[in-house]
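Everything below concerns the one structure shown next.
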Amino acid sequence: MNTQQPKNYTTPLVSLTFLFFMWGFITCMNDILIPHLKGLFVLNYLEAMLVQFCFFGAYFIGSLAYFLISYFKGDPINRIGYKNGLLLGLIVSALGCLMFYPAATLSVYGLFLAAFFILGLGFTLLQITANPYVSLLGKESTASGRLNLVQAFNSFGTTIAPILGGYLIFHFFAANGHLSAGATKMPYLIFSGIFVLLTIFIYKVKLPDFKNSDSEMDGLGALRFPQLKGGIFGIFFYVGAEVTIGSFMISFLEHGDIMGLKETVAKNYLSLYWGGAMIGRFLGAISMNDVLNNSKKMLYMILVCVGLFGLLYTIVDLDFAQMQWFIIFIVVNLIGFSIGKSAPALMLSIFAVVNIILLLITVFTGGALAMWCLLGIGLFNSIMWSNIFTLSISGLGEYKSQGSSLLVMAILGGAVIPLAQGSLADAIGIQHSFLLPAVCYVYVAWFGLFCLKKFKSAELEKPATTGH
């Protein structure tokens with residue numbers, strides 16, 4: 001690989017961190033808009049989940065096109081560079097946000113779905129480019145830690161989106177407190193402007209350039225690596241489960257057999273779900289640090305938990321009595337990290353098993369217990385994307401970008417699983433429909449065990465010589 005590496009990667013990491021924050025924020029806005037559009041256009045659960053189907057379906061179509069181009073014509077990122085890939089993704093994302101203006105003006109659900117699709121295409125380019133780029137900014141053995149760190153800020157975006165985005169949609173731009181398609185006009189115009197500004201910033205900032213000297217990709221390319229093939233389904237089921245839980249969270253908490261909360265209150269609990277992912281990803285970044293010893297890691301992790309819980313308490317419109325049960329799940333999360341011993345594959349399996357247990361409790365109980373178990377899943381989702389992604393592309397060498405496009409293609413799970421759960425919810429009820437994401441986590445647990453056996457340690461460099 002031909003590289004021009006600066007002395008440190010602070011500037012590119014900071015730039016990418018803000019980028020991850022923005023697309024996390026806007027992705028979580030889907031969870032706000034689903035109940036909003038469901039009420040506005042009088043939709044059933046299946047029809048409302050077309051939002052996620054179009055948004056995450058764009059990931060599949062965009063990444064499939066990328067893979068086919070890379071397979072037959074050579075890797076596009078290898079040709080244009082990571083920086084230009086980021087710029088192209090930002091421009092398409094800005095156009096997608098801009099599309100919400102005519103959709104809201106005409107109040108046509110089909111135009112909203114088209115806007116979600118275009119926005120999803122932009123995020124596809126960003127995902128394909130940014131994730132492997134982060135993994136290249138340092139040693140491969142610490143790639144999971146770096147990706148967990150930037151994903152933590154992605155989760156910070158998803159944490160504040162229900163609060164800030166919910167305020168904008170349901171209060172600030174609402175038409176006298178009534179449902180209105182026009183409430184989405186200004187928020188998404190603002191988001192489009194932010195993406196334009198971010199495009200200008202990325203264009204002007206100096207980023208390190210990584211390109212493969214050999215662009216020839218024979219045979220099945222990245223698909224010859226078994227860890228990648230397993231990881232594709234891992235991403236499919238993990239993303240599908242995470243997205244569908246977030247998408248149904250507000251409707252679930254509104255349900256009379258659970259909490260019977262109003263939409264404006266339920267959105268605050270949604271912030272705890274995504275806030276848990278934020279906490280877990282910061283903990284994952286510390287856990288994967290190969291400089292700190294175990295005692296220092298645990299000390300820093302406890303301090304981070306205290307600080308981030310304090311942050312959630314400050315920004316979420318809930319009092320301590322409403323949030324105190326969340327502390328129990330944070331403690332269990334810390335125990336999971338301790339048992340996982342910084343091994344990405346082992347932690348992946350442990351956290352997936354915990355989520356299966358939490359979902360079963362959610363399905364077969366009710367009230368506050370069911371609510372808190374569902375909210376706690378965010379903490380254990382935290383490291384799944386980073387660990388699945390880095391385990392999957394470990395040892396791929398020149399096939400990293402092509403492999404990344406296949407993994408991003410698997411984000412299709414975020415389109416298919418919510419749609420399937422929407423159909424289940426209409427047929428058997430929203431509570432029992434959560435059996436579907438429980439099945440998804442069974443595969444994630446298996447993939448972790450597969451990688452644990454294959455790699456035999458937390459070191460990710462070894463598969464490079466035994467990848468196929």
Side-chain angles (χ1 to χ4, degrees), residues 1-6 8-27 55 58-59 61-67 69-70 74-98 118-138 143 146-158 191-212 215 385-386 389-390 393 396 398-409 411:
M1 176 172 285
N2 179 25
T3 62
Q4 298 177 350
Q5 299 182 3
N8 65 73
Y9 296 120
T10 302
T11 299
L13 275 175
V14 169
S15 303
L16 289 170
T17 296
F18 185 72
L19 177 58
F20 273 74
F21 167 83
M22 275 304 301
W23 92 49
F25 184 98
I26 294 180
T27 298
F55 181 78
Y59 278 77
I61 293 174
S63 52
L64 175 61
Y66 184 96
F67 174 75
I69 292 171
S70 69
D75 194 335
I77 295 299
N78 185 50
R79 292 186 175 187
I80 68 175
Y82 283 95
K83 181 173 181 176
N84 288 329
L86 291 173
L87 292 174
L88 182 60
L90 286 167
I91 291 171
V92 176
S93 299
L95 291 174
C97 289
L98 193 62
I118 296 171
L119 186 57
L121 286 177
F123 283 10
T124 301
L125 291 169
L126 294 176
Q127 289 273 19
I128 292 173
T129 307
N131 283 290
Y133 192 43
V134 170
S135 73
L136 290 170
L137 295 175
R146 287 192 303 279
L147 202 50
N148 269 307
L149 180 61
V150 295
Q151 285 286 343
F153 284 94
N154 177 275
S155 293
F156 180 57
T158 62
F191 299 153
S192 181
I194 291 174
F195 276 123
V196 170
L197 292 175
L198 192 54
T199 302
I200 295 171
F201 175 78
I202 295 292
Y203 176 77
K204 291 185 175 294
V205 73
K206 184 177 181 181
L207 298 178
D209 183 35
F210 296 97
K211 290 185 179 180
N212 297 319
S215 61
W385 170 270
S386 303
F389 196 94
T390 52
I393 66 172
L396 266 62
E398 66 200 44
Y399 296 101
K400 266 190 168 65
S401 292
Q402 189 186 72
S404 175
S405 70
L406 288 169
L407 291 170
V408 173
M409 191 189 305
I411 293 176

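The shown structure was predicted, so the numbers you read here are calculated from the model rather than taken from an experiment. What's counted below: heavy atoms across the whole structure, side chains too, no hydrogens, waters or symmetry copies.
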Quick check: do Phe195 and Cys97 have side-chain heavy atoms less than 4.5 Å from each other? yes
Heavy atoms of Ala130 and Leu16 approach each other most closely as CB-CD2, 4.2 Å
Smallest heavy-atom separation, Ile69 atom then Pro76 atom, equals CG2-CG, 3.7 Å
The criterion is side chain to side chain contact (heavy atoms under 4.5 Å, CB included); which residues satisfy it with Ile200, sequence neighbours excluded? Val196, Lys204
Answer whether the closest heavy-atom distance between the side chains of Thr124 and Ile61 falls below 4.5 Å. no
With side chains defined as the heavy atoms from C-beta onward, is the minimum distance between Trp23 and Gln127 less than 4.5 Å? yes
Is any side-chain heavy atom of Tyr66 closer than 4.5 Å to a side-chain heavy atom of Thr129? no
Straight-line distance of Met22 CE to Ile194 CD1, nearest 0.5 Å: 4.5 Å
With rounding to the nearest 0.5 angstrom, report the CG to CG distance, Leu88 to Leu126. 9.0 Å
May I ask you to test the Leu90-Leu19 pair for a side-chain heavy-atom distance under 4.5 Å? yes
Ile128 side, atom CD1; Ser63 side, atom OG - distance, nearest 0.5 Å: 5.5 Å
Phe191 and its side chain to side chain contact (heavy atoms under 4.5 Å, CB included) partner, picked from Leu119, Ile26, Leu98: Ile26
What residues form a ring-ring contact (aromatic ring centres under 6.0 Å, His included) with Phe55, not counting sequence neighbours? Tyr59, Phe123
Between Ser192 and Ala94, is there a donor-acceptor pair closer than 3.5 Å when you use the side chain of the first and the backbone of the second? yes
Compare every heavy atom of Ile411 with every heavy atom of Trp385, then report the nearest pair and how far apart it is. CH2-CD1, 3.7 Å
Report the distance from atom CZ of Phe18 to atom CZ of Phe153, rounding to the nearest 0.5 Å. 11.5 Å
Distance col, row Leu87:CG vs Leu198:CG, nearest 0.5 angstrom, shows 9.0 Å
